Every structure is written in C-alpha cells, then in structure tokens.
There are 2 protein chains.
Amino acid sequence: MSTGWDRRRELTRADILHAAWTLCRDRGLAGLSMRDLAVEVGLRAPSLYSYFASKSEIYDAMFADGQRALLEMTAARAEPPSGREGLRSTTAAFVSFCVAEPVRYQLLFQRPIPGFVPSETSYGLALEFYRTYTADMERIGVTDQRLLDLWSALVTGLTDQQVSNDPGGDRWISLLDEAVDMFCGHARLLGEPVTTT
Amino acid sequence: MSTGWDRRRELTRADILHAAWTLCRDRGLAGLSMRDLAVEVGLRAPSLYSYFASKSEIYDAMFADGQRALLEMTAARAEPPSGREGLRSTTAAFVSFCVAEPVRYQLLFQRPIPGFVPSETSYGLALEFYRTYTADMERIGVTDQRLLDLWSALVTGLTDQQVSNDPGGDRWISLLDEAVDMFCGHARLLGEPVTTT
DNA sequence: GTCTATATTTGGATAGAC
DNA sequence: GTCTATCCAAATATAGAC
C-alpha cells in the first residue's frame, strides 16, 4: 500500500508547482530557474529532479495546471443564454480569468518560452477547452468561422492590451460591453444593446 | 577628413544590424547571441564591441531601425481620406507592415526581451509614430479615446492572431475589411460598407 | 529522497597583444 | 579594429555518498 507515499509525493509536486507560479509572477515566465525554485520550496536544486525530469516538465505541469483551472472555471458557470447576454457573460468570465493572472495567460495563450511545447496530454486539455468554447459560442449563436475568428481577435486584443499596457487597471476591460454591442450589431445577434451610447 | 572612416564604420554597423535581423528571423529575438552574430558577419565576438557597447545596444539599434521603417512607410503614404476608407487603407498598411516581419513586430510592439528597454532616442521614434498615428485617426474621424482604444485592440488582436496562429497565411488579415465595417457601423463613421455581407 | 560536489554548456564581456 | 585567450556568471543537469 503505497498510497500514503504517492500522496506525499503529489503534495510536494503541488508545492513545487505553487512555488513556480509565485516565482514566475515575480520574475516572468522566462525568469524561472531551478536553483531559485528549489530555494523557494526549501530544497536544493538536484532534489527537484526527483519530482520533475526537467525544467520543461515543470512548465508543462504549469500549463496543464492553468488549463485545468480554465476548464473548472468554465464548468462552474451556468450554461450561457443565447445572444448578446450570453456572449457578454461568457467573454467577461474568460477575460477576467486571463487578466487575474497575467503570467498564466501568457503561458496558456502566448508562446513566451522559446522551445517549450506542451506535451500531448497537456495540449489535450487545451483542445478540450477549445471544444467547450466553440460549443458555447454555437449555443450563443455564433457559428460562422469568420465571425468566430473576428470575435477571438477582438477578445484577445482587449485582453492583451489590458495585460500589456494597463496592468491592474481597467482601461480595456471596461470596453468589453461596448465590444459586445459592436460585434452583435455587426453579426445581427438577438438582444438589446448592453451599453447605453 | 574622417568621413571615409566614419562611412566605413557605418557600413559595418549596418552589416551587423542586417545580420542580427537575419539571425532573429531564424532563432527568435531571444535567440540572438554575440558569438553567432559575429560568425554571421565574419568577425569574432569581441570585435562587435567596437561597434556596439553591449548586446542591449544592438537590440536598441534594431528597435530604432524598425521604428524608422514604420515611419518611412507611413510618410510614403498619401494622407488618408476621412471616414471608412481612410481607416481601411491606413490600417491595412499598418497590418501589412507588421505581418511582413513578425520578428520586427514583436520587437516593436511586444516586450519579448526581458530587461530590454528602448533608449530615450529610440523611444522618441516610437512616440513620433504614435503622434502621426493619432493625427491620422483624428483626420479619419476617430477622436474619442474609448473608440481609439477599442480600435487598437481590434487591430492588434487581428495582427497577433495572424502572426501567432497562421503565419504566412491570411486567415485573420482577410477579416480586416469586415472589422472596419463593424467598427464604423458602431462608431457611426461616414461612408458605405466596404464588404458586401 | 536529499544532499554535496561537479560536469557541462552557454553567453556576455574584458585584457592585452598585434 | 581585430584578434586570441580568458574571465565570469548563470543555469541545467548528473554522479555518487548518505
């Protein structure tokens, strides 16, 4: 019966992962080093290799961690209503998730680590989110690929500008309702405008 | 009369810069190393320091180089007409510029080099472009800050998605006209739709 | 599993001869 | 200005004792 052992091991792994997120928040994703990580978690660098085979594996675990958080956030929400309000609330949830942890956002949606490629299983989580996302969008009433692409560009653009140029502020997230109305007006989605112009 | 000398020096500097761009196109911005750069240009690493005081100065020169190219591209264009068509042509020129050289786009508009901050004079070039850009937008008819921000998010979103997820293709740039119409419909800018829906 | 010690690599930068 | 030789620092990863 090695469950106690495995459990302890899992706990330490989680501890390392937690410390990795903390370090990355401070010094950026690329600033993570095995030495510092070991110090943060109260070990020496070589000991980390008992838990992760390489630094890349740590990034991969962080990637999976972030994707799981995103999936959980999505799953915790009620099914979005169709039309404008569904789009608004779904997108607001997504953008909040991204803006809340800029480093996580960078790891999941940009490619800031040269040479890092998510493992097959981690990438599977990303695909799973993408499926639920498109399913939501379909229910909301956006099915055309061009419209999906246009909307994804708008959402990532807002998120990116917010994270890059006004971290901690709301200069771009505050435009979300207006973006929804602009898009829905164009796509002729049902519902009344959310913003009052 | 040291013009011949200075000229030769300028030529070598330009050669180094050219090689730097080439290397970055291959291995990414962060992948640039003084050793490889020296080899590429036919020198040894220490010799580079006769032309640039540090690696950071090389990045800075590249940044200035890119900003100048952007300014030249802008200056070469006729004054944009007002309204929808002005927005369309101005934005198309900008996005083309970005997509043509993804590495240059990253250096100018993202922060991919940890610790790199443009020098005062280089940043001045960026400010100069920003001024001409906002002046253009004003002439086009977009003056409200919120609308400017919304449009900037949309443009950078399209550019980013194109560069990141469909390099060499046109999946997102092909949506530009539609984006213009969507935005102008929302902002109630003059002119007829460009796309036929 | 954890440690000390170390190998290995890489890359920026400098000293000093020519 | 360019070179050889070298320094220095950082960082991943491994070997082997305990």
Side-chain angles (χ1 to χ4, degrees), chain A residues 1-24 26-63 107 112-117 119, chain B residues 1-24 26-63 107 112-117 119:
Chain A
M1 122 179 176
S2 59
T3 47
W5 248 69
D6 287 1
R7 201 181 114 75
R8 174 124 188 78
R9 187 186 160 80
E10 257 341 281
L11 282 177
T12 307
R13 273 180 65 104
D15 193 25
I16 292 171
L17 228 47
H18 180 77
W21 282 116
T22 303
L23 280 181
C24 286
D26 281 5
R27 316 180 1 186
L29 277 172
L32 182 67
S33 87
M34 300 297 271
R35 285 195 198 330
D36 298 346
L37 179 54
V39 168
E40 179 82 10
V41 81
L43 288 175
R44 305 302 169 110
S47 304
L48 297 177
Y49 291 86
S50 297
Y51 298 94
F52 296 93
S54 67
K55 186 182 175 183
S56 184
E57 245 189 39
I58 293 183
Y59 280 128
D60 193 55
M62 294 171 74
F63 183 89
L107 181 59
I113 313 290
F116 166 65
V117 185
S119 66
Chain B
M1 136 178 167
S2 59
T3 46
W5 248 68
D6 288 1
R7 199 179 115 75
R8 175 125 187 77
R9 186 184 162 79
E10 256 344 280
L11 281 177
T12 307
R13 273 181 65 103
D15 193 25
I16 293 170
L17 229 48
H18 180 77
W21 282 117
T22 303
L23 280 181
C24 286
D26 281 5
R27 300 132 83 140
L29 277 173
L32 181 66
S33 87
M34 299 298 272
R35 282 183 186 3
D36 296 347
L37 178 54
V39 168
E40 179 80 13
V41 79
L43 289 175
R44 303 303 169 109
S47 305
L48 296 177
Y49 290 86
S50 298
Y51 297 93
F52 296 93
S54 67
K55 185 182 176 183
S56 183
E57 244 188 39
I58 293 181
Y59 280 129
D60 193 55
M62 293 171 75
F63 182 89
L107 180 60
I113 314 290
F116 166 65
V117 185
S119 66

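A, B, ... follow the sequence lines: proteins, then strands. Residue 1 opens every chain. Worth saying up front: this structure is predicted, and the values here are computed from it rather than measured.
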Say whether, by atom type as modelled, one donor and one acceptor occur between the side chain of [X] and the main chain of [Y] under 3.5 angstrom.
X: B/R27; Y: B/L32; value: no
X: A/Y59; Y: A/L29; value: yes
X: B/R13; Y: B/Y51; value: yes
X: B/E40; Y: B/D36; value: no

Between [atom2] of [N] and [atom1] of [X], the distance in whole Å:
X: A/L23; N: D/dA11; atom1: CG; atom2: P; value: 11 Å
X: A/L48; N: D/dA13; atom1: CG; atom2: C1'; value: 11 Å
X: A/L37; N: C/dT2; atom1: CG; atom2: P; value: 13 Å
X: B/F116; N: C/dG12; atom1: CZ; atom2: C1'; value: 17 Å
X: B/E57; N: C/dG12; atom1: CD; atom2: C1'; value: 14 Å
X: A/F52; N: D/dT14; atom1: CZ; atom2: C1'; value: 19 Å
X: B/M34; N: D/dC8; atom1: CE; atom2: P; value: 20 Å

- Query: Looking at CG of B/L48 and CZ of B/R35, how far apart are the two atoms once the value is rounded to the nearest 0.5 Å?
  - Reply: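 The CG atom of B/L48 sits 11.0 Å away from the CZ atom of B/R35.
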Among [options], which nucleotide has an atom closest to any side-chain atom of [X]?
X: B/P46; options: C/dA15, D/dT2, C/dG1; result: C/dA15
X: B/Y51; options: C/dG1, C/dA13, D/dT2; result: D/dT2
X: B/R44; options: D/dA15, D/dT4, D/dT2; result: D/dT4

At under 4.0 Å between heavy atoms, what does [X] touch on the DNA or RNA strands: base, sugar-phosphate, or nothing?
X: A/R8; value: nothing
X: B/S33; value: sugar-phosphate
X: B/L32; value: sugar-phosphate

- On DNA chain C, nearest-nucleotide positions of B/K55 versus A/L43: which is more 5'?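 Counting from the 5' end, the first nearest nucleotide belongs to A/L43.
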- Message: Quick check: on DNA chain D, is the nucleotide nearest B/A45 upstream (toward 5') of the one nearest A/R35, or the reverse? Name the residue that is more 5'.
- Response: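 Between the two, 5'-proximity favours B/A45.
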- Message: Taking 4.0 Å as the cut-off, does a side-chain nitrogen or oxygen of A/Y49 come that near to OP1 or OP2 on C/dG1?
- Response: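 No, because none of the side-chain N or O atoms of A/Y49 sits under 4.0 Å from OP1 or OP2 of C/dG1.
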- Message: Using OP1 and OP2 only, check whether a side-chain N or O of A/S47 sits under 4.0 Å from C/dC3.
- Response: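 A/S47 to C/dC3 OP1/OP2: side-chain N or O found under 4.0 Å.
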